[in-house]
Amino acid sequence: MGCGTSVPEPDEYEGHYTKVSKPNPWTYTKPITRTELMRMRDEFWDTAPHYGGHKEIWDALRAAAEAELSLAQSIVDSAGIVVTSADMTTCYDERGAKYELPKYVLSEPTNLIDDD
């Protein structure tokens, strides 16, 4: 009997990786400006490696999150990242470390307002 939280080896996923797709629309808890959103994103990416995982995977996830879908797919594939949710909110590396990304680093909320 295997561990319920283990991640299969990447070759076991051959052809079974979840394809990266555009995140579903979402709303932040309150209207937010683009400047505030960028500040939140920068803060997340600056602190994320301190919560576990490997810096090179965090760097690849950031590059993928900021790229067009086809390039994002190439980035996660080449880095050996297992995407378990198409919107990239949950991913694993080849060693089984889990990476959780908040929606605000992956797309813009529906209640984004102009900076004034």
Side-chain angles (χ1 to χ4, degrees):
M1 199 185 289
C3 176
T5 60
S6 66
V7 177
E9 291 298 315
D11 56 354
E12 291 179 46
Y13 273 108
E14 195 64 39
H16 299 288
Y17 285 92
T18 299
K19 288 190 71 126
V20 175
S21 66
K22 184 178 178 181
N24 291 328
W26 62 280
T27 304
Y28 193 63
T29 54
K30 62 181 176 73
I32 185 171
T33 66
R34 185 169 308 281
T35 301
E36 291 171 318
L37 179 64
M38 293 315 219
R39 188 175 307 122
M40 289 170 54
R41 287 177 175 178
D42 288 342
E43 183 178 319
F44 173 80
W45 292 119
D46 288 345
T47 60
H50 300 290
Y51 295 101
H54 303 277
K55 182 165 179 7
E56 63 273 8
I57 301 297
W58 284 114
D59 291 345
L61 287 169
R62 182 176 189 170
E66 295 174 352
E68 295 294 323
L69 284 179
S70 60
L71 180 55
Q73 187 69 56
S74 296
I75 292 168
V76 297
D77 290 346
S78 65
I81 298 170
V82 177
V83 178
T84 59
S85 58
D87 64 2
M88 288 181 40
T89 54
T90 307
C91 303
Y92 293 86
D93 65 20
E94 294 174 324
R95 296 166 226 145
K98 185 176 185 179
Y99 299 82
E100 294 183 286
L101 304 179
K103 290 180 183 181
Y104 64 81
V105 301
L106 299 166
S107 64
E108 295 178 347
T110 57
N111 58 342
L112 188 68
I113 56 175
D114 291 331
D115 290 301
D116 287 328

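We count residues from 1, following the sequence as given. We use all heavy atoms of the structure for the numbers below, so side chains are in, but hydrogens, waters and symmetry mates are not.
- For the residue pair Thr35 / Asp115, a side-chain donor-acceptor distance below 3.5 Å is found, with atom types taken as modelled.
- Within the 4.5 Å cutoff, the side chain of Trp58 has no heavy atoms near those of the Tyr51 side chain.
- Considering all non-hydrogen atoms of both residues, Met88 and Leu101 come closest at O-CD1, 3.3 Å.
- Looking at heavy atoms from C-beta onward, Tyr92 lies out of side-chain contact with Ile81 at the 4.5 angstrom threshold.
- Ion pairing between Arg41 and Glu66 fails under the 4.0 Å rule for side-chain N and carboxylate O.
- Counting side-chain heavy-atom gaps under 4.5 Å among Ile, Leu, Val, Met, Phe, Trp and Tyr, the cluster of Ile75 also holds Leu71.
- Among all heavy-atom pairs drawn from Asp114 and Thr33, the shortest one is O-CG2, 4.1 Å.
- Using modelled atom types, one finds no donor on one side chain facing an acceptor on the other under 3.5 Å when comparing Gln73 with Ser70.
- Smallest separation of non-hydrogen atoms from Ser21 and Leu69: C-CD2, 3.7 Å.
- A distance-only check finds a donor-acceptor pair linking the side chain of Asn111 to the backbone of Lys30 [under 3.5 Å].
- Looking at Ser107, its side chain never comes within 3.5 Å of a backbone N or O of Pro23 through a donor-acceptor pair.
- Side-chain contact between Leu37 and Leu112 is present, with heavy atoms from C-beta onward closer than 4.5 Å.
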**OP:** Verify side-chain contact (heavy atoms from CB on, under 4.5 Å) between Cys91 and Leu61, making sure each step is shown before the conclusion.
**Re:** CA-CA 9 Å; Cys91 303; Leu61 287 169; 4.0 Å; yes
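- Note on Arg62 versus Asp42: salt bridge recorded, some NZ/NE/NH1/NH2 to OD/OE distance being below 4.0 Å.
- At least one donor-acceptor pair under 3.5 Å links the side chain of Thr110 to the backbone N or O of Trp26.
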